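This structure is a prediction, so every number in the text was calculated from the model and none was measured. Read the numbers this way: they start at 1 and go in the same order the structure lists the ligands and their atoms.
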Amino acid sequence: MNQKTTMLSSELNTYWGEVANTFQWKKKWDTIQTGNFTDVNVEWFKGGQLNITENCLDRHLEKRRQKKALIFEPNNPNEAAAFYTFGELHIAVSRFANLLKKKGIKKGDVVCFYMGMTPELMIGLLACARIGAIHTVVFGGFSPQSLFGRLIDSKAKLIVTHDGAYRGDKVTPLKSMVDEALAMNTDKEKTSVETVIIVRRTNNDVDVVAGRDYFYDVLIKDCDLHCPAEVMEAEDPLFILYTSGSTGKPKGLLHTIAGYMVHVGNSFKDVFQIKENDVFWCTADIGWITGHSYLTYGPLLNGTTTIMFEGIPNYPTPARFWEVVEKHQITHLYTAPTAIRSLEKFGVEIPDSFPMKSLKVLGSVGEPINEEAWQWYHKHVGKNKCPIVDTWWQTETGGIMISPLAGITKLKPAHATLPLKGIVPILVDEKGNIVTELVASGNLCINTPWPSLARTIYGDHERFKQTYFSTYKDLYFTGDGAKRDADGFFRITGRVDDVINVSGHRIGTAEVEEAINENPHVTESAVVGFPHPIKGQGIYAFVTCNDHFDHPEDLEKDIRETVQKIIGPIAKPDVIQIVLGLPKTRSGKIMRRILRKIVENDLENIGDTSTLLNPECVDLIIEGKK
Ligand code: PRX
């Protein structure tokens with residue numbers, strides 16, 4: 001397949017029609033694609049009917065019933081790994097689906113998952129899809145308050161959680177965090193949760209509210225092994241996944257069944273050049289889009305064995321990743337640059353002592369991979385023989401958009417290279433003109449619809465239009481900047497909006513500022529990203545406060561706790577600098593651009609500060625920089 005083809009829109013549709021034909025439909029579509037970016041009403045495969053779980057499970061049963069579908073590698077290496085064949089996974093999904101039905105869940109209802117990484121999470125998502133319920137996974141690193149906000153927004157009726165989740169040497173008491181979230185109900189703001197299902201994992205004590213809370217192991221015993229797959233329309237919702245933006249509260253991106261399936265299934269096969277006996281390990285948590293698309297749906301749609309890892313890269317030792325590769329004879333390892341950099345610091349001796357002969361392809365996702373990390377990954381993990389696919393995509397895009405095809409596309413360190421067939425990225429300059437020169441840089445947009453584009457922000461289509469389709473006319477704006485070289489290869493340079501990418505996690509600066517401002521001692525704050533050797537970007541918060549503190553570290557600690565409580569530990573600022581004033585324009589707007597230059601040590605490019613309302617604060621901030 002040739003990635004360089006420039007396709008006309010009729011050819012694009014023909015191509016996507018051919019791809020869609022490789023899946024199983026209960027009824028074929030009437031139209032391949034309708035709608036456009038002007039009206040923001042894109043739809044794919046209208047009139048088609050299907051169930052994605054039949055594509056993930058049922059259709060493999062004839063050939064692959066005994067083949068391993070899922071391998072679960074626990075947090076603790078002394079605990080045995082667990083396996084599910086396609087046949088067993090099919091049964092487990094059917095039983096969980098029947099459990100949901102018994103608890104009153106119907107087509108169109110929303111089910112929330114707030115769990116650690118165990119098989120029941122993947123089984124639960126597929127169980128929802130089996131009966132036409134919509135899943136929404138909230139990453140276990142988010143606080144009860146964040147969970148509450150997402151429960152309100154999604155109107156989830158049932159929540160599945162763990163008594164506790166293991167991560168390294170920690171246990172996160174998820175069920176009590178759910179209790180805390182549900183206790184935030186008020187008359188004005190009330191979740192729709194009627195049922196809580198508790199999957200036992202850590203066996204810590206949990207409170208059980210009669211008539212609301214049930215143990216999974218108790219209920220599942222009586223659930224039938226058969227569950228017919230609900231007939232779904234192509235454009236019915238599959239899931240909602242929350243992600244941060246540059247403004248306001250997190251956005252619940254809604255993905256629909258057929259388009260998502262078609263692009264995710266196909267891109268998995270093409271990018272990773274998957275063969276029948278491959279064993280695919282995506283290290284992402286299912287709480288993020290990568291875990292949805294390339295740990296769960298992509299592999300299962302292709303009948304590929306997928307690995308689910310409960311733990312973290314350096315527990316109990318920094319050799320864990322390489323041990324897992326050897327143990328399960330992994331052929332494809334798909335991870336984030338931040339994980340690579342965090343293991344890099346323990347030295348080359350560790351990966352060098354593992355031959356990892358099974359590995360064929362390495363993947364990178366979630367943030368720009370710096371050249372040094374790319375080379376380290378290539379040499380010490382891939383032993384100079386595995387291509388690295390640097391895959392660029394987003395929660396909104398559903399699946400990979402720009403990436404080498406393993407073993408086919410020429411590799412260039414730190415470059416996502418070329419768009420996948422059917423995807424048309426372009427660069428746009430500041431004025432909104434499409435950049436026609438080949439070698440150029442600009443803001444990255446997508447020119448034509450593709451099947452796995454999110455259809456809306458749940459409950460707020462206007463915001464969806466505003467966020468992605470209003471910056472540039474008739475284009476989808478990604479929020480990323482990119483460069484294009486003489487080969488037409490793209491290199492993603494990072495976000496151009498107020499979003500920080502911390503360890504591959506998207507965090508909106510506005511969201512962190514709002515949380516910091518909740519601290520009673522804080523008057524104002526401004527948050528910017530700064531280059532961080534391991535996390536890619538770190539969070540730097542400038543704060544003005546209304547009290548005098550003899551020990552500013554006490555206030556810093558307090559602010560971090562506030563952020564942890566409101567958003568979760570992932571959004572805690574790495575650096576907090578208490579300042580007397582923040583640089584502002586005469587109209588009172590905080591000049592984050594100046595603060596960004598300060599944290600990047602790029603003082604030469606701060607620009608003219610004399611027109612500021614309070615230019616004197618800039619020198620003070622520079623003096624106090626940490
Ligand atoms: O800035 C880009 C960065 O991650 C953002 C999307 O984040 P999220 O929706 O959480 O999805 C992450 C997993 C797909 C993008 O806007 N990003 C993602 N992949 C890459 C990347 N930046 C550079 N290179 C990549 N390969």
Side-chain angles (χ1 to χ4, degrees), residues 137-139 141-142 239-246 250-253 255 260 263-264 267-268 271 282-298 334-341 362-371 373-374 377 388-404 409 411-420 423 425 443-446 452-454 457 467-468 471 476-484 489-509 511 529 535-537 570-571:
V137 185
V138 176
F139 176 59
F142 283 116
F239 65 86
I240 301 166
L241 189 59
Y242 287 87
T243 189
S244 293
S246 49
K251 304 169 283 201
L253 288 153
H255 281 278
Y260 176 81
H263 181 54
V264 167
S267 57
F268 176 77
V271 168
C282 166
T283 69
D285 193 287
I286 293 187
W288 310 111
I289 190 71
T290 311
H292 282 59
S293 301
Y294 298 106
L295 196 160
T296 305
Y297 289 107
Y334 189 33
T335 193
T338 192
I340 300 164
R341 288 189 297 262
L362 302 176
S364 172
V365 61
E367 46 176 321
I369 179 163
N370 50 310
E371 183 150 356
W374 194 100
Y377 196 27
I388 297 180
V389 289
D390 177 0
T391 62
W392 174 83
W393 58 294
Q394 309 178 296
T395 306
E396 294 83 345
T397 70
I400 297 170
M401 303 290 278
I402 304 181
S403 169
T409 314
L411 295 178
K412 195 171 213 176
H415 285 70
T417 74
L418 297 171
L420 301 199
I423 305 294
N443 287 345
L444 183 64
C445 292
I446 311 291
S452 63
L453 166 69
I457 291 174
T467 311
Y468 305 105
T471 318
Y476 166 82
F477 176 42
T478 65
D480 280 319
K483 289 183 174 165
R484 191 169 49 208
F489 281 15
F490 287 92
R491 177 182 190 144
I492 313 300
T493 46
R495 301 290 305 194
V496 293
D497 54 7
D498 286 326
V499 171
I500 317 182
N501 195 327
V502 183
S503 302
H505 300 156
R506 253 164 86 164
I507 295 172
T509 53
E511 220 183 309
K535 300 180 183 182
Q537 279 190 298
I570 58 170

Residue that, paired with Asn443, satisfies side-chain contact (heavy atoms from CB on, under 4.5 Å) out of Asp480, Val496, Thr478, Asp497
Val496
Should you measure from each heavy atom of Asp390, which atoms of ligand 1 turn up under 4.0 Å away?
24 (N), 25 (C), 26 (N)
Below 3.5 angstrom, do we get any N/O pair linking Ile289 and ligand 1?
no
Considering the options Ser267, Ser364, Pro404, Ser403, which one meets the side-chain contact (heavy atoms from CB on, under 4.5 Å) requirement together with Thr391?
Ser403
Select the closest option to atom 17 (N) of ligand 1 among Ala416, Pro368, Gly366, judged by heavy-atom distance.
Gly366
Taking only non-hydrogen atoms of Ile492 and a 4.0 Å limit, the atoms of ligand 1 in range are 22 (N), 23 (C)
Looking at non-hydrogen atoms alone, which of Asp480, Val499, Ile507, Ile500 comes nearest to atom 1 (O) of ligand 1?
Asp480
Under a 4.0 Å heavy-atom limit, does Ile369 contact ligand 1 with its side chain, its backbone, both, or neither?
neither
So for Thr395 against ligand 1, with non-hydrogen atoms under 4.0 Å, the contacting part is both
So the atoms of ligand 1 within less than 4.0 Å of a heavy atom of Val365 turn out to be 13 (C), 14 (C)
Polar contact flag for Gln394 and ligand 1 (N/O pairs, less than 3.5 Å)
yes
Answer yes if the side chains of Tyr476 and Thr397 hold a donor-acceptor pair under 3.5 Å, and no otherwise.
no
Backbone or side-chain N or O of Ser364 under 3.5 Å from ligand 1 N or O:
no
Within-cut-off N or O pair, Thr243 and ligand 1, under 3.5 Å
no
For ligand 1, is there an atom lying under 4.0 Å from some heavy atom of Trp393?
yes
Does the pair Glu396/Arg506 count as a salt bridge with the N-to-O cut at 4.0 Å?
yes
